[in-house]
Amino acid sequence: MKLSPYFFVLILGLLQGVFAVESQKSVIISFPDNTPDSVILEAKKTITDAGGWITHEYNLFKGFAAKATSNALQTISTTSTNFLPVIEEDQVVSINGDISRE
């Protein structure tokens with residue numbers, strides 16, 4: 001039996017889909033000042049459980065920077081209705097207004 005080249009292309013495409021990993025986004029997540037620590041800890045756990053990681057924890061405001069999947073960020077934004085997080089893409093901003101994404 002002779003296998004068609006299209007068969008191999010199909011198999012490679014399927015394998016790519018099986019082994020695909022959702023991309024990570026660099027974000028900064030901040031919460032209102034009255035947010036309980038338990039809400040922030042749960043948000044961090046959601047990110048790490050989804051394969052992301054916390055890159056920085058802030059002390060000046062309630063928040064942290066992370067690499068996270070879109071699914072994890074969606075979960076965080078819908079989990080707590082009383083303490084809504086602000087999720088922003090992590091960027092470098094210069095004094096003359098230039099923006100570069102990391």
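All of these numbers come straight from a predicted model, not from anything done at the bench.
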Inset, instruction - Give the intermediate values and the outcome of side chain to side chain donor-acceptor pair (under 3.5 Å) for residues K67 and S26. - result: CA-CA 5 Å; K67 289 267 197 173; S26 292; 3.2 Å; yes
Legend entry - Of all pairs that satisfy salt bridge (Lys or Arg N to Asp or Glu O under 4.0 Å), the ones with a partner from residues 50-61, not counting sequence neighbours: K44-E57
Legend entry - Rounded distance (nearest 0.5 Å) linking atom CG of L41 with atom OG1 of T46: 10.5 Å
Inset, instruction - Using a 4.5 Å cut-off on heavy atoms from C-beta on, say whether the side chain of I87 contacts that of S77. - result: yes
Legend entry - Listed partners of D49 passing side-chain hydrogen bond (donor to acceptor under 3.5 Å, both in side chains), at least two apart: K45
Inset, instruction - Applying side-chain contact (heavy atoms from CB on, under 4.5 Å), run through V86 and I29 and close with a yes or a no. - result: CA-CA 6 Å; V86 175; I29 302 172; over 6 Å; no
Legend entry - Donor-acceptor under 3.5 Å (Q24 side chain, A68 main chain): yes
Legend entry - Spacing of F83 atom CZ and N34 atom CG [to the nearest 0.5 Å]: 5.0 Å
Inset, instruction - Indicate the atoms forming the closest heavy-atom contact of A72 with I47, along with that distance. - result: CB-CA, 4.3 Å
Legend entry - From OG1 (T35) to CD1 (I40), nearest 0.5 Å: 5.5 Å
Legend entry - Electrostatic pair D90:K25 at N-O distance under 4.0 angstrom: no
Inset, instruction - Measure from the side-chain N and O atoms of T55 to the backbone N and O of A65, and report whether any donor-acceptor pair falls under 3.5 Å. - result: yes
Inset, instruction - List the steps and the verdict of side-chain contact (heavy atoms from CB on, under 4.5 Å) for I28 and Y58. - result: CA-CA 10 Å; I28 296 174; Y58 297 104; 3.8 Å; yes
